[in-house]
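Inspection log for the structure reproduced underneath, given as structure tokens.
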Amino acid sequence: MVAFSQLSRRRDAFVGTFFAAILFGSATCLPEFGNPLIARRTDNATLPYRDASLCIDDRVNDLVARMTLAEKAGQLFHGGIQMGPNGTLAPATPTANSTENVVGEKFMTHFNLVGEVEDVRMTAEWYNRLQRRALQTRLGIPVTLSSDPRHAFTDNVGTGFSANQFSQWPESLGLAALRDPELVQKFAEIAREEYMAIGIRSALHPQIDLSTEPRWARIANTMGEDANLTSQLVVAYLKGFHGEEFGPHSVTTVTKHFPGGGPMENGEDSHFTYGKNQTYPGNNFEHHLIPFKAAIAAGARQMMPYYSRPIGTEYDEVGFSFNKGIITDLLRHEMGFEGIVCSDWGLITDTFIIGQYMPARAWGIEYLSETQRAAQILEAGVDQFGGEYRPELIVELVETGVVSEDRIDVSVRRVLKEKFTLGLFDNPFVDASAAEQLVGNAYFVRLGAETQRKAYTLLKNADDILPLDPAADVKYYVEGFNATLLMSRGMRVVNSTEEADIALVRLQAPYEPRDGGFEARYHAGSLEYNSTEKARQAAIYSAVPTIVDMYLDRPAAIPEIAESAAALFGSYGSSTDAFLDVIFAVNESQPMGKLPFDLPRSMAAVEASAEDLPFDTENPVFKFGDGLRYKE
Ligand SMILES: *[C@@H]1O[C@H](CO)[C@@H](O)[C@H](O)[C@H]1NC(C)=O
Ligand SMILES: *[C@@H]1O[C@H](CO)[C@@H](O)[C@H](O)[C@H]1NC(C)=O
Ligand SMILES: *[C@@H]1O[C@H](CO)[C@@H](O)[C@H](O)[C@H]1NC(C)=O
Ligand SMILES: *[C@@H]1O[C@H](CO)[C@@H](O)[C@H](O)[C@H]1NC(C)=O
Ligand SMILES: *[C@@H]1O[C@H](CO)[C@@H](O)[C@H](O)[C@H]1NC(C)=O
Ligand SMILES: *[C@@H]1O[C@H](CO)[C@@H](O)[C@H](O)[C@H]1NC(C)=O
Ligand SMILES: *[C@@H]1O[C@H](CO)[C@@H](O)[C@H](O)[C@H]1NC(C)=O
Ligand SMILES: *[C@@H]1O[C@H](CO)[C@@H](O)[C@H](O)[C@H]1NC(C)=O
Ligand SMILES: *[C@@H]1O[C@H](CO)[C@@H](O)[C@H](O)[C@H]1NC(C)=O
């Protein structure tokens, strides 16, 4: 891209633009661009950058030439945005600027939608309102709306939103459990359609970190522990979001977290001060790049580095977005990535998230000023600042001569080119009625529901107790879900294990609760239940044959359940109805999943293993690939 911008900046050079067009696949730029008749147009409707008949590189050049420094600076920021009451543009709150402020005064045009979509029409109408406001700015640059995953069950402002009106699928781990690239592509196509319907044009995913450290709190949104499987699936994932050819019908993707966020020291997460280190005791840094290489070869558009800093490698021990060796030397030069690099959220400014004080994730350079942090991120080769609203810092850096305007232009061109390629200048609005029809339609919902069922991974089925016979005269003891759903299927439910013939227990994989509004949402710490909980569960298993469904948002260490329960499932995000359909084999529902990671034997085994090595805990209870079927 550096070569491209050097070429295309030579406006008089037909040869330059011609080669740029060939190299970068956009429509061929015609030599008439240098024609002063075009450049002199001033009528707003026919300004060259608004002219859809011109090639994208020429439109970008024309627009950049018209922008003030403040307008350029706004393009480098990508921050959260919320819908205001009843679909209005949000007013200011104690912790967030108003939409009017960020669009009208800060000139920002990249936002990630925060919060579940509860009302499709209202959200689509809000999006149109947002676009209309953006189009009223001096240059009328449209907004690109992005989103964390919102097609599953995770509900955490830092990592994703539950599906609500969208079709609901298992987490990406559940897609990985099915080992089916075609299904992954289908999922991504459906997610693309539902996103586009309400104006979301950028996915802040896929997350292709390898889950080599079982304690890490962000495994649920990965594709598991295996580099090959993740590589195979990410290709299908990108294909589904991008479509056959990247353009006006695509949702762009932000692949994360470069260079692989899996090897977290002691399994802690680098949102938090105690989790800032990433570590490679197994000397396995390269291995974590495998899926990123596959993503780049498959046309990855954007890349997000993780918060962490690498310890004990050849690279500086500073967060990945501050790290020139990682971004410029490794990602851009060695791996040939030409797209946009967008930092993870909140690297410059201290803030509050869900009432919790969160220092800027400026790991390794905490002592630098906010302005210096911004300078180092640009110097590293990052294009966009995620979760920040500080364009004034960029203006200051250029005005004081610390950063050149040419450097700013390189990143501004990249992000604007993406916006033009997505067709947002030519077609910024959505059809709210069509959105209401499309989002959550019966077909999409059915495929998501089927996938929740199929992803179930059966790990034990003693005496073929499963599937259960829905017509049998048995009494159920239930835990972890609403018994009404079982009773409405005509089953008898009792209150104690003594009265029961079978127990149905849905469990959350073990974790140690943490304090703090935001931190509490990260499931970290031990992968074993504590002794009290083990004893409580043991009483159930010894009293009655028990079917356990464990939500594996992390690889649980549960040998005691494997030993004592009659049957054990792993699942990755599923409704109670999905669970009941699977245990009763309703409509031939069958568990088809295979484990996307090993399930370790104990915390001691996890602690003795290396953060960066896959499949290295001693004598795991279940292995990657395990998964039984019901007997015919
Ligand atoms: C939203 O709209 C409804 C119906 O028009 C109205 O009753 C309600 O007061 C509105 N709420 C806000 C916060 O404007
Ligand atoms: C909103 O932005 C202005 C500058 O544009 C700033 O002075 C103010 O502190 C911001 N408010 C919040 C809550 O971020
Ligand atoms: C072009 O748009 C700008 C900003 O909306 C406005 O101030 C200006 O008057 C317009 N010029 C013409 C010729 O319409
Ligand atoms: C991954 O794929 C490569 C090439 O297909 C193969 O050589 C290697 O054994 C595979 N590794 C695993 C763990 O499956
Ligand atoms: C991270 O690594 C550094 C260097 O090895 C060490 O001093 C520090 O204690 C580690 N942990 C944290 C949380 O910084
Ligand atoms: C269980 O489901 C029934 C029917 O949907 C509902 O009325 C009841 O409130 C639910 N109970 C709990 C504890 O959620
Ligand atoms: C026991 O379960 C029945 C329904 O099966 C319910 O009506 C009753 O309230 C429960 N009793 C107690 C003590 O929870
Ligand atoms: C043990 O685990 C249970 C369930 O996870 C929890 O409610 C309880 O507070 C824990 N007890 C201790 C002492 O940590
Ligand atoms: C089974 O599938 C059929 C056809 O899709 C559907 O009509 C029926 O409601 C399903 N039955 C149950 C119990 O879900």
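Numbering of ligands and ligand atoms starts at 1, following listing order.
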Side chains of residues 591-599: which donor-acceptor partners sit under 3.5 Å, not counting sequence neighbours?
| unit_1 | atom_1 | unit_2 | atom_2 | d |
| --- | --- | --- | --- | --- |
| D598 | OD1 | F624 | N | 2.7 |

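- In summary, the aromatic rings of F272 and Y522 are positioned with their centroids under 6.0 Å apart.
- Of all atoms in ligand 6, listed by their number and element, those nearer than 4.0 Å to a heavy atom of T484 are 1 (C), 2 (O), 3 (C), 4 (C).
- Residues forming a ring pair (Phe, Tyr, Trp, His ring centres under 6.0 Å) with Y529 (at least two apart in sequence, or on another chain): none.
- Close contacts of ligand 6 with N482, meaning ligand atoms under 4.0 Å from a residue heavy atom, involve 1 (C), 2 (O), 3 (C), 8 (C), 10 (C), 11 (N), 12 (C), 14 (O).
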*Take N266 and E268 through the test side chain to side chain donor-acceptor pair (under 3.5 Å) and record every step on the way to the result.*
CA-CA 6 Å; N266 300 321; E268 295 296 356; over 6 Å; no
Would you tabulate the polar-atom pairs, meaning N/O of ligand 8 against N/O of the protein, with distances under 3.5 Å, reported to 0.1 Å?
| unit_1 | atom_1 | unit_2 | atom_2 | d |
| --- | --- | --- | --- | --- |
| ligand 8 | 2 (O) | N530 | OD1 | 3.3 |
| ligand 8 | 2 (O) | N530 | ND2 | 2.4 |
| ligand 8 | 11 (N) | N530 | ND2 | 2.8 |
| ligand 8 | 14 (O) | N530 | ND2 | 3.2 |

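- Remark: Y572 engages no residue in a ring pair (Phe, Tyr, Trp, His ring centres under 6.0 Å) (not counting sequence neighbours).
- How far CG of D553 is from CD of E171: 8.5 Å, rounded to the nearest 0.5 Å.
- Here R361 contributes atom CZ and Y306 contributes atom OH; the two are 9.5 Å apart, rounded to the nearest 0.5 Å.
- Counting atoms of ligand 1 from 1 in the listed order, those under 4.0 Å from a heavy atom of P85 are 13 (C).
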